[in-house]
Structures are given as C-alpha cells and as structure tokens.
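Step one of this worksheet: look at the structure below.
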Amino acid sequence: MPGSTGPFHAAVTGIGMVTAAGIGTQASWNLIRDPEGTAASEVPALEGNPAHIGCWIPGYDADKAIGRRKAWRYDRSSQLALTAAAEAVADSGLDPGEWDGTRVAVVLGSGIGGAGTWEKQHNVLLGDGPLNVSPLLIPMLAVNMSAGYVAMDHGARGPNFVTATACASGTTAIGMARELLRQGVCDVVITGGTEACLIPSIISGFSQMGALSKRQDTPRAASRPFDVDRDGFVPAEGAAVLVLERAADARARGARVYANLSGYGASADAHHATAPDPSGAGAELALRACLDDAGLAPDAVDHVNAHGTSTPLNDAAEAKLIRRVLGRRPAVTSIKGVVGHSLGAAGAIEAAVTALTVGEGVIPPTANLESQDPEIELDVVAKTARTAAVEVAVSNSFGFGGQNAVLAFSRA
Amino acid sequence: MSDTYPRLVQLLVKNFGFETDEVTPEDTFSKLELDSLALVELTLTVQQEFGIELSDDDLGADDTLGQAVKVIESKPVVA
C-alpha cells in the first residue's frame, strides 16, 4: 500500500511448469540449466507452412495429465494451465481440501487464449456449416477460461481473471497477483501464464511480420538471444504457475520458499504496434518502477532474466536498457534460447525460472550464444550454467502494443 | 442385431474420454456426467456418424444409452 513501510514480499511457495524443456518443474529446470540448444522441432500442425518449427511439447498427454473424461472439454492452453497449476498447488504443500477457497485468487496471463480451437472450429464452419460448430467453442476459446477452470479444479473462489499484455501477459499476471495479496483481498494466489497457439494461422501471422527465425532447417540453433547471428524468435507453447502467499504467512506455516517476489513495474511505450521504442524509454519506466517498488538501488541487481527473444530489435534495445539502468554488473540470461518464445506464457515461465535461479544460486546459460553481438555490452551467461549467490534478480517482459512488465525477486 | 449401440459407445470412447467398459445401456447421460454442452456435442457427432438429423432435445440428460439407440434407429438416414 502507498505509504506503508518497506517493500512488500510475496513468497513463491509452489511452482508448476509445462514447457518444451520438460513436463514438470524439475524436468524443465534441468534442461534449461543444462541446455542442448533450442528445444524445437517440426510441429506436425504446421506441416507445409514456410515457418514450421516450434518449441512444442510432444510428450504432453492431456488425458493422462488431467483426466480423459475432462481433457476433451478444454483447449490445449487451458490443459497446460491446469497441469501446471496442479503441480504448483501440490508443490506448495497447501491443501485445497482444507483451505478457505474464498481467500484464494487465480490470476493467469495469456496472449491469445484458445486459438487452436478457434481455428479448428472456423474450418468446421467453412466446411460443414454453422450447425456443426461445437457448442464448446466459446468456453474453449475465451481468453479468461484458463483461470476459470483452474478455480474449478481447486475450489478457488477469490478474485479470478486473465491478463492480456501480449508477450508480457504472464509477467503482468504475476505482478497483479502480488497486488491482490498486498491489498489483502486474498491470502493465496495461483498465478502464471499459458499459451498454445502453434497453429497455421497464428504462426503465419508472425512469419509474415518477419518476426520468426529463418533457421527452419536447424531448429536446435534457431533461437539464439544476444548472438550476433540471431534472426528472429522461435514460437513456443507452454505454461507455468506459481503459488504466492504473503511472506509472513508462508513463514508462519513453515512453507518452503523458493524466493520472494518483491517488486513489480509496468508501463507502455506509446510508440509502435510491434517494434520496441529504440530509446527504451518505456521499458525503462517499467524497470525503474519495479526497482522503486522493491526498494532497490540499480546496483543491487545481481541477475537479469531477460526478455531476450532472439529478434535483432528486441535484444539490442533490451541490452541498451539493462546497460543504461543496471550497468554491466548483473549476469544476464535469456532462457528463450532453450524454450523459445511462448508469448503470454513466457513471462510466467521466466518468473518460475528466476525464482529457481534465486533459490538455487544457479544462473542458466543462454543457449546458442556462440558469438555475442558486440553491441550487446553485457555479461551474458553463455555455454554453461553459472553458480552465483543471487540476492536480487529481475525478469523483463515486453509485449506487442508496447506493454512492458518487470518483476523483481529476492532471496527469501 | 444392430450395431448402433457399439457405434454409439465408440463415439463416447473416441470423443468423450470413456473406456468401453465404463458404460452400459442402462446408464443415463447425466450419470455419465455429460452436461447440456456435452449433449449438444454428442448430438453433432451422432449426426455425422449415423448420417441422420437430430433435434436439440432428442438426446436428454435423463435418457439412457439404450433409449438413445432407439431414437437414433428411428431416424431416416439423410446423408
């Protein structure tokens, strides 16, 4: 609250992840920490498309993960969210059978929602007519539904919504989740992000913008943040969910705390639909607001989990911003070299990894960083993970529309 | 003997997550936890599978699978 004493710490007490690096937090973390290039391959749904590679999750079996009697009712974006949320809640040690559900909120982020269902049903409409369109189209498509379904799964009857700030959606969600705890309107928040839109229409749209890597024949080398030869991002699907509680509450129940979420800042570029403001002024507002919120000086930041999309424009602008505001001190990494860019889920996956980084004192490397762009004047972690005491880390996310969001994590 | 019932069961297996041995002709749709949206979805798949036309209320929550078989078999094949 404005005027209250000191920064507000939300404890991260549970983590769930479903990414191209692995199903489950430990599997994802293991490959992100010790990468073997980009976890990308040919996406069957994109066969025949000029852009056909992506960081998809071939081993994900929704029937197994959430039950075959329920799975068919959900778009893949909700399926991934439900799986990550179930892992996060179990990991927190909280028991949904015991908790006061009216005090449990759900805040997820998603860029697009159930795009796969929409595309499929649009094809039904064109091919078989309106009377054959599924009655489940709307609940599968609507961008808010992932949070609604997570609430149903866990009896979470507190505030419930989905944030949409494009590629910053997951970050915005987690920032707003912390605000709910700070305001006192709930005691627990299940928060994160989800995305599953590796489908022809959406990927063609990104491809036509020139945003995607052209390394379609060498998927493992395609996402290379901060590398001099980077040429675009690799689209991905995935979900990550955190359980947040007020730090004092977590301490009181003896919960294991990965890290504290201690700051959040947000801003708009007010510049261009898709290109970052080259001056970085908008992103700088968000980063500085986050540091102010956390009560941190710029030189307190040990580590930056960068947005680092592997596009020429983003990485150059972000590097300048980090250099200008935080100097050369922090160790910077982008896990998009491994897991690609999962749009609305990306910020949540990166928040989960940042919390693990702080908790374990291990900074994952930026995969495929073979020759660092000389314009990127930063200490970027390359090749192998770096062991380091990380007291404070920030995670940047920048969305189309010029929507910026930054989280700060500190050691619990 | 008609194959309508096993074909109906196969639709439940293929599209609605059931195992063959989880359903009997005596089960109602509500017992199988198929709500109104699921029944509309089932109506669409039954129409396609059997080449018939069903109205919105031909398959009701309190109907058994056995009753649904009779409804399906009472409809003329149109496609």
Side-chain angles (χ1 to χ4, degrees), chain A residues 45 59-83 86 113-114 116-155 196, chain B residues 5-65 68 71-72 74-79:
Chain A
Y60 179 72
D61 180 345
D63 284 355
K64 199 170 140 203
I66 54 183
R68 57 192 157 78
R69 293 278 294 277
K70 291 199 297 184
W72 68 272
R73 300 182 68 108
Y74 307 128
D75 181 80
R76 189 168 171 92
S77 58
S78 287
Q79 291 173 344
L80 297 176
L82 285 164
T83 302
T117 297
W118 195 1
E119 189 182 78
K120 189 174 160 199
Q121 290 301 318
H122 189 247
N123 289 337
V124 170
L125 173 73
L126 297 180
D128 302 327
L131 294 180
N132 286 292
V133 169
S134 171
L136 285 155
L137 167 61
I138 302 304
M140 291 173 83
L141 159 68
V143 73
N144 64 305
M145 290 304 291
S146 56
Y149 285 133
V150 167
M152 291 172 216
D153 236 17
H154 300 286
Chain B
Y5 178 72
R7 284 166 74 191
L8 177 61
V9 171
Q10 274 315 298
L11 288 183
L12 293 172
V13 170
K14 187 164 166 251
N15 298 316
F16 298 87
F18 288 88
E19 298 281 3
T20 308
D21 60 6
E22 280 177 340
V23 298
T24 72
E26 290 74 41
D27 288 335
T28 62
F29 291 118
S30 65
K31 185 179 172 230
L32 297 175
E33 295 175 338
L34 292 172
D35 63 8
S36 62
L37 292 179
L39 279 181
V40 178
E41 187 80 32
L42 179 64
T43 297
L44 296 181
T45 58
V46 165
Q47 290 184 146
Q48 205 156 42
E49 166 71 18
F50 293 94
I52 59 174
E53 281 180 7
L54 293 173
S55 67
D56 286 351
D57 48 10
D58 272 332
L59 304 180
D62 296 329
D63 292 343
T64 64
L65 294 187
V71 169
I72 292 166
S74 74
K75 303 286 181 181
V77 174
V78 295

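Naming: A, B, ... by sequence-line order, numbering from 1 per chain.
In this structure, the separation between CG on Asn132(A) and OG1 on Thr43(B) is 11.5 Å, given to the nearest 0.5 Å.
Atom NZ of Lys120(A) has 12 or fewer heavy atoms from other residues, nucleotides or ligands within 6.0 Å. Crowding of Glu22(B) atom CD: a count of heavy atoms from other residues, nucleotides or ligands under 6.0 Å exceeding 12. Counted within 6.0 Å of CG on Asn123(A), heavy atoms from surrounding residues, nucleotides or ligands total more than 12; the atom is thus considered enclosed.
The shortest heavy-atom contact between Gly17(B) and Arg69(A) is O-CD, 3.4 Å. The shortest heavy-atom contact between Trp72(A) and Leu34(B) is CZ2-CD2, 4.4 Å. Heavy atoms only, all atoms of each residue included: Val133(A) and Leu44(B) are closest at O-CD1, 3.5 Å.
Proximity to chain B (any heavy atom under 4.5 Å) is shown, for Asp63(A), by neither the backbone nor the side chain. Interface remark: Glu19(B) contributes backbone and side-chain atoms alike to the contact with chain A (heavy atom separation under 4.5 Å).
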- Message: Pair Leu131(A), Gln47(B) - check side-chain contact (heavy atoms from CB on, under 4.5 Å), show working.
- Response: CA-CA 11 Å; Leu131(A) 294 180; Gln47(B) 290 184 146; over 6 Å; no
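Side-chain contact between Leu37(B) and Arg73(A) is present, with heavy atoms from C-beta onward closer than 4.5 Å.
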